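First up is the structure itself, then whatever we jot down about it.
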Amino acid sequence: QLQLVESGGGLVQPGASLRLSCVATGSNFGRHVVAWFRQAPGKEREGVSYIGLTGFSTYYSDSGESGKGRFTISRDNAKSTVYLQIASLKAEDTGTYFCAAGSTLLSPLQAATVFDPYYYDYWGQGTQVTVSS
């Protein structure tokens, strides 16, 4: 069993950066893959980024030019924490960001696989990110 708690969100101006954290409590965090999802107001939840067990394997959603290269996912298994660094925040990044963990090793690394909620057993409550001037 894992419990996930996200933090690091807030109200920021366009162009700023944020680092979101997902802290897990429970056992065997290092045996779980983790993904970040976000849900913008009035929109469906979408996958943002994925990280494998050791951090070597990562995947980022194809969010078009608006998302390209601005997200960095990492993990520190010693701290049972996964991070999502978001640079050059835009208004369209506004939403609630959730982390999720699953024990299934996912392959191939493609959006249809790594962002399928079916594979994630544990979810956090989310942290709100609002980008506004």
Side-chain angles (χ1 to χ4, degrees):
Q1 287 276 2
L2 288 181
Q3 294 79 43
L4 306 177
V5 178
E6 303 94 335
S7 64
L11 172 62
V12 296
Q13 293 189 341
S17 297
L18 277 179
R19 188 177 77 162
L20 307 182
S21 299
C22 171
V23 179
T25 56
S27 59
N28 297 320
F29 172 74
R31 295 181 183 178
H32 290 77
V33 300
V34 176
W36 283 94
F37 295 80
R38 70 181 178 187
Q39 187 163 20
K43 295 187 178 180
E44 293 188 354
R45 184 176 56 192
E46 63 175 349
V48 175
S49 186
Y50 160 93
I51 192 164
L53 299 181
T54 65
F56 180 78
S57 297
T58 60
Y59 184 88
Y60 297 92
S61 69
D62 180 12
S63 298
E65 291 302 315
S66 67
K68 198 172 184 180
R70 298 191 297 114
F71 297 90
T72 304
I73 192 170
S74 60
R75 70 188 293 165
D76 184 340
N77 285 343
K79 296 182 178 179
S80 297
T81 301
V82 171
Y83 304 98
L84 182 69
Q85 182 82 32
I86 313 174
S88 303
L89 280 152
K90 304 173 184 289
E92 52 262 43
D93 295 318
T94 293
T96 303
Y97 285 71
F98 302 89
C99 64
S103 57
T104 302
L105 299 184
L106 303 178
S107 179
L109 293 187
Q110 60 186 22
T113 305
V114 302
F115 297 140
D116 187 342
Y118 173 83
Y119 294 112
Y120 295 94
D121 307 302
Y122 308 104
W123 293 79
Q125 294 299 308
T127 185
Q128 177 68 34
V129 173
T130 303
V131 185
S132 176
S133 56

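Residue numbers run from 1 in the order of the sequence given. On a predicted model such as this, the values are computed, not experimentally measured, just so you know.
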Worksheet item: Do the side chains of V82 and V5 join up, straight or via other hydrophobic residues, at under 4.5 Å, putting them in one cluster?
Response: no
Discussion item. Is it the case that the side chains of T25 and Q3 hold a donor-acceptor pair, with the cut-off being a distance below 3.5 Å and no angle test?
Written reply: yes
Worksheet item: For the atom pair CG (L106) and OH (Y59), what is the distance rounded to the nearest 0.5 Å?
Response: 12.0 Å
Practice prompt. Taking all heavy atoms of F29 and all of A24, pick out the closest pair and write down the distance.
Written response: CD1-CB, 3.3 Å
Practice prompt. Check whether any side-chain N or O of S80 sits under 3.5 Å from a backbone N or O of V23 as a donor-acceptor pair, and report yes or no.
Written response: no
Fill in: Flag side-chain contact, heavy atom, 4.5 Å: S132 against T94
no
Worksheet entry | For the student: nearest non-hydrogen atoms of P41 and G95, plus distance | CD-CA, 4.4 Å
Worksheet item: Do Y118 and F98 share a hydrophobic cluster (ILVMFWY, side-chain heavy atoms under 4.5 Å, transitive)?
Response: yes
Worksheet item: Going from CD on E6 to CH2 on W123, what distance comes out if it is rounded to the nearest 0.5 angstrom?
Response: 10.0 Å
Worksheet item: L84 and side chain to side chain contact (heavy atoms under 4.5 Å, CB included): which partner among V48, L18, T127, V34?
Response: V48
Practice prompt. Return yes if some donor-acceptor pair links the side-chain N/O of Y122 with the main-chain N/O of C99 below 3.5 Å, else return no.
Written response: no
Worksheet item: Taking the side chain from R70 and the backbone from A87, do they hold a donor-acceptor pair closer than 3.5 Å?
Response: yes
Worksheet item: When rounded to the nearest 0.5 angstrom, what is the spacing between OH in Y50 and CD1 in I73?
Response: 9.5 Å
Worksheet item: Can you tell me if Y119 uses its side chain to pair, donor with acceptor, with the backbone of V114 under 3.5 Å?
Response: no
Item to complete: Could you tell me how the ring of F37 sits relative to the ring of Y120: parallel (under 30°), tilted (30 to 60°) or perpendicular (over 60°)?
Response: perpendicular
Worksheet item: In Å and rounded to the nearest 0.5 Å, what is the CG to CG distance from L105 to L53?
Response: 5.0 Å
Discussion item. Please find the pair of heavy atoms, one from S21 and one from T81, that lie closest to each other, and give the distance.
Written reply: CB-CG2, 4.3 Å
Practice prompt. Quick one: closest heavy-atom pair of Y60 and T58, and the distance?
Written response: CE1-OG1, 3.9 Å
Practice prompt. Check whether any side-chain heavy atom of W36 lies under 4.5 Å from a side-chain heavy atom of I51, and answer yes or no.
Written response: no
Worksheet item: So, does R75 use its side chain to make a donor-acceptor pair with the main chain of G52 at under 3.5 Å?
Response: yes
Worksheet item: Under the 3.5 angstrom rule, does the side chain of D93 hit a backbone N or O of K90 as a donor-acceptor pair?
Response: yes
Worksheet item: For Y83, what residues pass the ring pair (Phe, Tyr, Trp, His ring centres under 6.0 Å) criterion, not counting sequence neighbours?
Response: none
Discussion item. So, taking the atom named OG in S17 and the one named CD1 in I86, what distance separates them when rounded to the nearest 0.5 Å?
Written reply: 9.0 Å
Discussion item. Suppose we screen for side-chain hydrogen bond (donor to acceptor under 3.5 Å, both in side chains). Which residues come up paired with T130, at least two apart in sequence or across chains?
Written reply: Q128
Discussion item. For the CD atom of E46 and the CZ atom of R38, what is their distance to the nearest 0.5 Å?
Written reply: 4.5 Å
